[in-house]
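Presented below is the structure to which this report refers.
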Amino acid sequence: MIRALQSLALTLLFSSNSVSAEAACPDLSLVLAIDSSSSIDEMEFALQMQGYGAAFSDQEVLSTLHAVGTVDVAVVMWAGPTMPKHLRPWQRIETDAQALMLAEWFFTTPRKEKGDTEIGNALTAALDLIEQHDTCGSRRVVDVSGDGRADPGSSRGPPRKTLAFARARAESMGVTVNGLAITNSEPDLGEYYQTSLITGRNSFVMEVSSFSDFAAAILEKLKREIEIEHHVNRAGLTKGSRT
């Protein structure tokens, strides 16, 4: 009986924090696009998820979130086009409890995808989430983390969304795309992210040389992304701007 009540409480909590398109405009809409391609083994994938979970449990991140105002977060775990993407719907984060609920999801969600490194499809899925959700927020960001370049693909399977096409779409939507390049197998991946992936206002790339450094890097990256929004708002940009 107690377990049933706990389960019901969690369900109600999740439902109350899911964000619909009709909700008040957020100050920041953030999609986390996490690489789950076959170049990443199970331990490396777990290190990514633990890193995100630790970040949303960190007091500095929580304080930065509060300083920004209203932040909506969604997640895409991506691989090749033949694999369904694991999408976590939008969650509004206005309290520590809401951030910690998202952290718990990262700590407990199993891997469901493997396949090619289809960054174009990943970015397309993230942009779809933003387009369906937020038409009036002041800043919209996609945070891509991965360990490889976009695969050339093949003629088999569903159509590929090229990275160049997806990046151009992000530019047209006024969406900022940032990258965290894990360079253990491709030392020049950061440069590739710089020239082929990131775009938009205040976009940036961070690099780590191994998955063991991922948690510290994603913590700093999230703080930087959220703090940029805080400084932009303080500079007087209003909701609805797309500069």
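Each residue takes its place number in the sequence, starting with 1.
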| message | Quick check for you: to the nearest 0.5 Å, what is the distance between Phe214 atom CZ and Leu219 atom CG? | response | 11.0 Å
| query | Got a salt bridge between Asp128 and Arg169, using NZ or NE/NH1/NH2 to carboxylate O under 4.0 Å? | reply | yes
| message | With a 3.5 Å distance limit and no angle check, can you tell me whether Thr176 reaches the backbone of Arg201 through a side-chain donor-acceptor pair? | response | yes
| request: Determine the minimum heavy-atom distance between Ala170 and Leu127, stating which atoms define it. | output: N-CD1, 3.7 Å
| request: Could you check if a side-chain atom of Leu222 sits within less than 4.5 angstrom of a side-chain atom of Leu32, using non-hydrogen atoms only? | output: yes
| task | Evaluate the side-chain proximity of Leu102 to Arg88: yes if any heavy-atom separation is below 4.5 Å, no if none is. | result | yes
| query | Can you check whether Phe45 reaches Met77 side chain to side chain, under 4.5 Å on heavy atoms? | reply | yes
| note | Between the CD1 atom in Ile40 and the CG atom in Asp147, the distance rounded to the nearest 0.5 Å is 4.0 Å
| request: Return yes if a side-chain donor-acceptor contact under 3.5 Å exists between Thr124 and Asn121, otherwise no. | output: no
| said: What's the separation between atom CG in Leu180 and atom CG in Asp35, rounded to the nearest 0.5 Å? | reply: 10.5 Å
| query | Where is the tightest heavy-atom contact between Ile182 and Ser210, given as atom of each residue plus distance? | reply | CG2-C, 4.2 Å
| task | Please answer: with hydrophobic residues joined when any side-chain heavy atoms are less than 4.5 Å apart, are Ile34 and Phe107 in the same cluster? | result | no
| task | May I ask you to decide if Gln91's main-chain N or O and Gln98's side chain share a donor-acceptor pair within less than 3.5 Å? | result | no
| query | Can you check side chain to side chain contact (heavy atoms under 4.5 Å, CB included) on Tyr52 and Val75, steps first, answer last? | reply | CA-CA 11 Å; Tyr52 280 104; Val75 181; over 6 Å; no
| remark: To the nearest 0.5 Å, atom OG1 of Thr95 lies from atom NE2 of His66 at 7.0 Å
| query | How about Glu191: does its CD atom have over 12 heavy atoms from other parts shown lying under 6.0 Å from it? | reply | no
| request: Say whether Glu207 and Thr183, considering side chains only, have a donor N or O and an acceptor N or O under 3.5 Å apart. | output: no
| Stepwise, does the salt bridge (charged side-chain N to carboxylate O under 4.0 Å, His left out) test hold for Arg224 with Glu227? | CA-CA 5 Å; Arg224 180 173 173 181; Glu227 284 169 351; over 6 Å; no
| task | Return the set of residues passing side chain to side chain donor-acceptor pair (under 3.5 Å) with Thr109 (not counting sequence neighbours), or none when no residue passes. | result | Trp105
| task | Locate the shortest heavy-atom distance separating Leu65 from Ala99; write the atom from each residue and the value. | result | CD1-CB, 4.4 Å
| task | Provide the closest heavy-atom pair for Leu129 versus Trp90 in the form atom of the first, atom of the second, distance. | result | O-NE1, 3.2 Å
| request: For residues Asp41 and Phe211, determine if any side-chain heavy atom of one lies less than 4.5 Å from a side-chain heavy atom of the other. | output: no
| request: Check whether any side-chain N or O of Arg140 sits under 3.5 Å from a backbone N or O of Met173 as a donor-acceptor pair, and report yes or no. | output: yes
| Does Val71 share a hydrophobic cluster with Leu100, counting links as ILVMFWY side-chain heavy atoms below 4.5 Å and allowing steps through other members? | no
| task | Check the pair Arg149 / Asp188 against side chain to side chain contact (heavy atoms under 4.5 Å, CB included), numbers first and verdict last. | result | CA-CA 10 Å; Arg149 299 167 181 258; Asp188 61 347; 2.8 Å; yes
| message | Between Met49 and Arg111, is there a side-chain heavy-atom distance shorter than 4.5 Å? | response | no
| query | Does the side chain to side chain contact (heavy atoms under 4.5 Å, CB included) test come out yes or no for Phe204 and Lys221, once each step is laid out? | reply | CA-CA 9 Å; Phe204 64 91; Lys221 188 168 187 288; 3.8 Å; yes
| message | I need the Thr199 OG1 to Leu123 CG distance, nearest 0.5 Å. | response | 9.5 Å
| task | Using modelled atom types only, decide if a donor and an acceptor are shared between the side chain of Arg167 and the backbone of Ile198 within a distance under 3.5 Å. | result | yes
| Do you know which two heavy atoms are closest between Trp78 and Ala122, and how far apart they sit? | CG-CB, 3.2 Å
| message | Can you tell me how far apart CD1 (Ile226) and CG (Asp27) are? Round to the nearest 0.5 Å. | response | 12.0 Å
| task | Quick one: do Val205 and Leu197 satisfy side chain to side chain contact (heavy atoms under 4.5 Å, CB included)? Show the steps, please. | result | CA-CA 9 Å; Val205 174; Leu197 173 65; over 6 Å; no
| said: Looking at every non-hydrogen atom in both residues, tell me the closest pair between Ala103 and Gly53 and how far apart they are. | reply: CB-O, 3.2 Å
